[in-house]
Amino acid sequence: MTLSLNIGNLFNDSSSHALVDELRKRTSEEDILEFEEKFNSRNEKNLHIYICRFLKNRSISRGLASKWLITIIKNKESQIDALLKLST
């Protein structure tokens, strides 16, 4: 069984290219996370949705997408761990 994420056209082509270019500028984890926070606060869908869509459409390389997604996921996991430690 294949599950397809259909979120439609998120951006027009020029906006998509601009977002990818902006993400490519971010080389450190801190830069990526800072951009993610700003992006998520200003957009209806979170950045990871756009990254997955770019990956599905082959708009970006797997290596680049994995770098961004791993950074985002590790940050979320560390936030969860911190909250769990506070509650115990």
Side-chain angles (χ1 to χ4, degrees):
M1 178 178 187
T2 302
L3 180 63
S4 176
L5 179 63
N6 183 6
I7 53 178
N9 293 331
L10 301 171
F11 283 141
N12 61 34
D13 283 343
S14 62
S15 296
S16 294
H17 293 301
L19 177 56
V20 171
D21 289 342
E22 194 63 35
L23 283 165
R24 283 187 176 134
K25 292 179 191 175
R26 315 297 175 177
T27 55
S28 71
E29 288 186 10
E30 294 81 20
D31 287 343
I32 293 168
L33 295 173
E34 180 182 318
F35 180 75
E36 180 211 12
E37 185 178 335
K38 287 179 186 177
F39 185 89
N40 289 350
S41 69
R42 296 180 184 149
N43 292 282
E44 185 177 315
K45 298 195 183 305
N46 289 335
L47 182 60
H48 69 274
I49 298 292
Y50 291 92
I51 294 170
C52 291
R53 184 64 173 200
F54 293 150
L55 188 56
K56 180 181 177 222
N57 291 335
R58 299 182 181 188
S59 303
I60 56 174
S61 72
R62 293 177 295 194
L64 196 55
S66 67
K67 177 184 176 181
W68 298 335
L69 292 172
I70 287 170
T71 300
I72 291 169
I73 291 168
K74 280 179 25 182
N75 181 59
K76 299 299 180 216
E77 287 175 345
S78 65
Q79 289 176 344
I80 291 168
D81 289 343
L83 289 172
L84 288 173
K85 286 179 184 176
L86 286 176
S87 67
T88 56

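Just so it is clear, the values below take in all heavy atoms, side chains as well, and ignore hydrogens, waters and symmetry mates.
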Excluding sequence neighbours, so at least two apart, what forms side-chain contact (heavy atoms from CB on, under 4.5 Å) with [X]?
X: I73; result: E77
X: N57; result: R53, S59
X: E30; result: S28

Got a sec, which residues hit salt bridge (Lys or Arg N to Asp or Glu O under 4.0 Å) with K25, two or more places apart in sequence or on another chain? E22
Sorted by chain and number, sequence neighbours left out, salt bridge (Lys or Arg N to Asp or Glu O under 4.0 Å) with E37 holds for none
Smallest separation among heavy atoms of [X] and [Y], with atom names:
X: F35; Y: R26; value: CD1-NH2, 3.3 Å
X: I72; Y: I51; value: CD1-CD1, 4.0 Å
X: S61; Y: L55; value: O-CD1, 4.2 Å

To the closest 0.5 Å, what do you measure between [atom1] ([X]) and [atom2] ([Y])?
X: E29; Y: E36; atom1: CD; atom2: CD; value: 12.0 Å
X: L69; Y: L64; atom1: CG; atom2: CG; value: 9.5 Å
X: L86; Y: D81; atom1: CG; atom2: CG; value: 11.0 Å

Test item: [X] and [Y] side chains (from C-beta on) under 4.5 Å apart, heavy atoms:
X: F54; Y: L19; value: yes
X: K76; Y: H48; value: no
X: W68; Y: I60; value: yes
X: I32; Y: K67; value: yes

Counting only heavy atoms not in E44, do more than 12 sit closer than 6.0 Å to its CD atom? no
My understanding is that only residues two or more places apart in sequence, or in another chain, count here; which of them pass side-chain hydrogen bond (donor to acceptor under 3.5 Å, both in side chains) with N46? none
